[in-house]
Amino acid sequence: MGSILFSSDQIINDIKNSGPTAKSLTGTELLEQGIIDSSTWKHDTPGEGVRSTQQLAIDWSNFAKHTYFMPATAKVNLAFDKIINQFPFDGTATELAHFFADLSGFENHVLNNFPRSTGS
């Protein structure tokens, strides 16, 4: 009799033992490993001061609520310029996180309402 090269029990055990493992990480460990970037306001603890206008509860669709010192058309043009010309298309996840965190509240509103496709 010839020997069996593969047994079904061996294959199943190999699959079970080679899968991903779960590991519980604390916020400090995530900061130390560079997974969380603490320089952005999105990872502040509750109760800290306001660091971005994105944190304010403002109706960004109503220019009368947030446009005081410049024309609304200029504000829209600046938002479009920043979104179109400074978006890190080929950037790292950290660069992308910084881009989103550095947007003003109005720029974030424009980006969220920006068309994602041309419909084709």
Side-chain angles (χ1 to χ4, degrees):
M1 281 219 179
S3 64
I4 299 175
L5 292 177
F6 302 102
S7 70
S8 60
D9 293 335
Q10 178 187 0
I11 293 172
I12 291 172
N13 285 335
D14 288 346
I15 292 171
K16 282 183 187 177
N17 295 332
S18 67
T21 58
K23 182 179 178 185
S24 177
L25 295 173
T26 64
T28 305
E29 292 170 333
L30 292 173
L31 285 170
E32 289 170 355
Q33 293 179 15
I35 297 171
I36 291 179
D37 184 10
S38 64
S39 65
T40 65
W41 61 269
K42 294 195 175 206
H43 302 289
D44 286 350
T45 56
E48 287 192 30
V50 176
R51 289 177 41 185
S52 171
T53 56
Q54 290 185 41
Q55 296 172 281
L56 301 175
I58 297 175
D59 179 13
W60 295 107
S61 62
N62 184 355
F63 285 103
K65 304 263 182 181
H66 60 84
T67 304
Y68 304 107
F69 301 110
M70 65 188 314
T73 54
K75 196 168 192 175
V76 171
N77 288 337
L78 287 172
F80 281 152
D81 181 59
K82 185 169 187 175
I83 292 168
I84 293 170
N85 295 327
Q86 296 178 16
F87 189 86
F89 289 102
D90 296 332
T92 64
T94 303
E95 291 171 340
L96 196 60
H98 276 279
F99 175 79
F100 289 129
D102 291 341
L103 292 175
S104 70
F106 179 70
E107 292 165 345
N108 187 47
H109 170 75
V110 171
L111 179 65
N112 289 335
N113 292 301
F114 208 77
R116 301 285 191 254
S117 68
T118 59
S120 57

Task: Test side-chain hydrogen bond (donor to acceptor under 3.5 Å, both in side chains) applied to D81 - qualifying residues, sequence neighbours left out - done: N85
Indicate every side-chain donor-acceptor pair of residues 71-80 with a distance under 3.5 Å to a residue at least two apart or in another chain.
unit_1	atom_1	unit_2	atom_2	d
K75	NZ	H66	O	2.9
K75	NZ	H66	ND1	3.0
N77	ND2	T73	O	3.3

- [ ] Decide whether F89 and L103 are clustered together by the hydrophobic rule: side chain heavy atoms of Ile, Leu, Val, Met, Phe, Trp, Tyr closer than 4.5 Å, transitively.
- [x] yes
Open item on the list: Using 0.5 Å steps for rounding, measure from the OH atom of Y68 to the NZ atom of K65.
Closed with: 8.5 Å
Open item on the list: According to salt bridge (charged side-chain N to carboxylate O under 4.0 Å, His left out), who are the partners of K82, at least two apart in sequence or on a separate chain?
Closed with: E107
Task: Linked, directly or transitively: F63 and M70 (ILVMFWY side chains, under 4.5 Å) - done: no
Task: Test side-chain contact (heavy atoms from CB on, under 4.5 Å) applied to H109 and L111, N112, N113, the passing residue - done: N113
Task: Heavy-atom side-chain contact between F106 and I58 under 4.5 Å - done: no
Task: Heavy-atom pair with the smallest gap, counting every atom of F99 and I83 - done: CZ-CA, 4.2 Å
